[in-house]
Engineer: 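Have a look at this one before I ask anything.
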There are 2 protein chains.
Amino acid sequence: MAKAIKKETCQYRLIAGKDAMEVLQGKWRIPIIISLTDGDKRFGEIQREIGNISPKMLSQELKALEENKIITRTLYDSMPVTVEYSLTPLGRSTDKLLEEFLKWGTHFRNEIVGNR
Amino acid sequence: MAKAIKKETCQYRLIAGKDAMEVLQGKWRIPIIISLTDGDKRFGEIQREIGNISPKMLSQELKALEENKIITRTLYDSMPVTVEYSLTPLGRSTDKLLEEFLKWGTHFRNEIVGNR
DNA sequence: GTAAGTAGTTACCTTCAGGTAAGTAAATCT
DNA sequence: AGATTTACTTACCTGAAGGTAACTACTTAC
């Protein structure tokens, strides 16, 4: 190993933070994961739940999440073809992170967003 | 209250997630917070620690974090003027979130980033 | 007087995330 | 034959995020 970086150092933390942001960055990734945490969903269902995401962005972000092994895409040969998206184990492993994310989002809203 | 949204619903979670992302979004916010978690720092120290951030971006993001009450700026009337940045209680309240962020970032790196 | 260190600012440019609008394809309903 | 539903794709455009480089202002050291 060339220049191993210890787990406790600030440098190590900076790299781990960058890694996580690379996958979760952007306006739609977290919302999509939140939506799928609620249960497997179809394209249209996710779109309606998130509300104002265009099919282009949804399609694009779902592909990116699939490439990063966060979700899987399953095509069902039903009458109008349906596609179901679900979280992989890796996707589900964001649960604790998501929980803290939501807790902090709520805290922040109460502290700041509400007073402006 | 008009149409209260229950804490458990997917809609509530989507809003909290959006709130959190509003503050933490971008390439540099999380790294800056990580850097300051390590202790109060001066402009140049943060810049050297993060490594490749330009003074323009650092200045801009520090201002944004200050506006959101995540950090404070203190000017010291020393011989070359120094400025110290530190986390506010609200800023420090990201510690659990940050921890999960870093845990997951490491997990993700081991699962995916390492294998590509 | 000039270099070096403090903490930025300013102007300019490029890239890409994201938005908008319309089109595609296959099947089923009416 | 035309409308509807599902799940997208494609082309085009805009604005914001971020990068680069140079400049400012003050003080100390050489």
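As a basis for the values below, the full set of heavy atoms in this structure was taken, side chains included, without hydrogen atoms, waters or symmetry mates. Just so it is clear: chains get the letters A, B, ... in the order the sequence lines come, proteins before strands, and each one is counted from 1.
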Engineer: Tell me, for nucleotides 21-30 of chain D in 5' to 3' order, what letter each nucleotide earns: B for a base near a protein heavy atom under 4.0 Å, S for only sugar-phosphate near one, - for neither?
Structural biologist: ------SS--
Engineer: How close or far is atom P of C:dC16 from atom CE of A:Met57, stated in whole angstroms?
Structural biologist: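 Atom CE in A:Met57 sits about 14 Å away from atom P in C:dC16.
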Engineer: Which atom names give the shortest non-hydrogen contact between A:Ala16 and B:Thr106, and what distance separates them?
Structural biologist: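 So the two residues come closest at CB-OG1, 3.8 Å.
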Engineer: Cut-off 3.5 Å, no hydrogens considered: what does the side-chain donor-acceptor table look like for residues 41-54 of chain B, sequence neighbours left out?
Structural biologist:
from    : atom 1 : to      : atom 2 : distance (Å)
B:Lys41 : NZ     : B:Ser35 : O      : 2.6
B:Lys41 : NZ     : B:Asp38 : OD2    : 3.3
B:Lys41 : NZ     : B:Glu49 : OE1    : 2.9
B:Glu45 : OE1    : B:Arg42 : N      : 2.8
B:Gln47 : NE2    : B:Ile53 : O      : 3.4
B:Glu49 : OE1    : B:Ser35 : OG     : 2.6
B:Ser54 : OG     : B:Met57 : N      : 3.2

Engineer: Apply side-chain contact (heavy atoms from CB on, under 4.5 Å) to residues B:Gln25 and A:Gln25 and explain how you reach the verdict.
Structural biologist: CA-CA 7 Å; B:Gln25 183 80 267; A:Gln25 183 78 268; 2.6 Å; yes
Engineer: Sequence neighbours left out, what passes side chain to side chain contact (heavy atoms under 4.5 Å, CB included) with B:Thr37? Give chain and number order.
Structural biologist: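 Once residues adjacent in sequence are excluded, the partners of B:Thr37 under the side chain to side chain contact (heavy atoms under 4.5 Å, CB included) criterion are A:Arg13, B:Ile33, B:Leu87.
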Engineer: Please report, rounded to the nearest Å, how far the P atom of C:dT20 is from the CD1 atom of A:Ile53.
Structural biologist: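 Taking CD1 of A:Ile53 and P of C:dT20, I get 12 Å after rounding.
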Engineer: So A:Tyr76, base contact, sugar-phosphate only, or nothing? Heavy-atom distance under 4.0 Å.
Structural biologist: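 No contact.
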Engineer: Could you give the CE-to-P distance, from B:Met21 to D:dA17, as a whole number of Å?
Structural biologist: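 B:Met21 atom CE is separated from D:dA17 atom P by 13 Å.
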Engineer: Sequence neighbours excluded, which residues qualify as side chain to side chain contact (heavy atoms under 4.5 Å, CB included) partners of A:Asp95?
Structural biologist: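 Here no residue qualifies.
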Engineer: Does a side-chain N-to-carboxylate-O contact under 4.0 Å join A:Lys96 and A:Glu99?
Structural biologist: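 No, no charged N to carboxylate O under 4.0 Å.
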Engineer: Assess, by modelled atom type and distance only, whether the side chains of B:Thr94 and A:Trp104 contain a donor and an acceptor separated by less than 3.5 Å.
Structural biologist: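 Checked: B:Thr94/A:Trp104 side chains show no N/O donor-acceptor pair below 3.5 Å.
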Engineer: Below 4.0 angstrom, which residues in residues 27-51 of chain B have at least one non-hydrogen atom near DNA chain D?
Structural biologist: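 Hits under 4.0 Å, by residue number: B:Lys27, B:Trp28.
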Engineer: Apply side-chain contact (heavy atoms from CB on, under 4.5 Å) to the pair A:Met21 and B:Phe101, showing each step before the final yes or no.
Structural biologist: CA-CA 9 Å; A:Met21 270 317 256; B:Phe101 214 86; 3.4 Å; yes
Engineer: Rounded to the Å, how far apart are A:Leu58 CG and C:dG18 P?
Structural biologist: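 That distance rounds to 13 Å.
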Engineer: For the pair A:Ser86 and A:Thr72, evaluate side-chain hydrogen bond (donor to acceptor under 3.5 Å, both in side chains) and give the outcome as yes or no after the intermediate values.
Structural biologist: CA-CA 5 Å; A:Ser86 41; A:Thr72 53; 3.2 Å; yes
Engineer: Whether B:Ser59 contacts C:dT9 is assessed here as follows: a side-chain N or O lying under 4.0 Å from the phosphate OP1 or OP2. Is that the case?
Structural biologist: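 Yes.
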Engineer: Give the stems involving DNA chain D, where a stem is 3 or more consecutive Watson-Crick or G-U wobble pairs (i with j, i+1 with j-1, and so on) under 3.5 Å.
Structural biologist: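 C:1-30 with D:1-30 - these are the stems of 3 or more pairs that involve DNA chain D.
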Engineer: Rounded to whole Å, how long is the line connecting atom CD of B:Gln60 with atom P of C:dG8?
Structural biologist: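 Between P of C:dG8 and CD of B:Gln60: 14 Å.
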Engineer: Does the salt bridge (Lys or Arg N to Asp or Glu O under 4.0 Å) test come out yes or no for B:Glu61 and B:Arg29, once each step is laid out?
Structural biologist: CA-CA 7 Å; B:Glu61 297 303 292; B:Arg29 306 263 170 103; 2.6 Å; yes
Engineer: Between A:Tyr85 and A:Thr74, do the side chains contain a donor N or O and an acceptor N or O under 3.5 Å apart?
Structural biologist: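 No pair is found: no donor N or O on one side chain lies under 3.5 Å from an acceptor on the other.
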Engineer: Are A:Leu58 and A:Val81 connected in a single hydrophobic cluster, I mean Ile/Leu/Val/Met/Phe/Trp/Tyr linked by side-chain heavy atoms less than 4.5 Å apart?
Structural biologist: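 In one cluster: yes.
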Engineer: Rounding to an integer number of Å, can you tell me how far A:Lys18 NZ sits from D:dG18 P?
Structural biologist: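 Going from NZ in A:Lys18 over to P in D:dG18 covers 14 Å.
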Engineer: By nearest atom, which of the nucleotides D:dC8, C:dT6, C:dG19 is closest to the A:Arg73 side chain?
Structural biologist: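 When the side chain of A:Arg73 is considered, D:dC8 is the closest of D:dC8, C:dT6, C:dG19.
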Engineer: Does A:Glu84 or A:Gln25 map to a spot on DNA chain D nearer the 5' end, using the closest nucleotide for each?
Structural biologist: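 This one resolves to A:Glu84.
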Engineer: Quick one: label A:Ser54 by what it contacts on the DNA or RNA (base, sugar-phosphate, nothing), any heavy atom closer than 4.0 Å.
Structural biologist: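 A:Ser54: base contact, heavy atoms under 4.0 Å.
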Engineer: Once you round it to whole Å, what is the distance between C1' of C:dA7 and CG of B:Leu62?
Structural biologist: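 Distance, rounded to whole Å: 11 Å.
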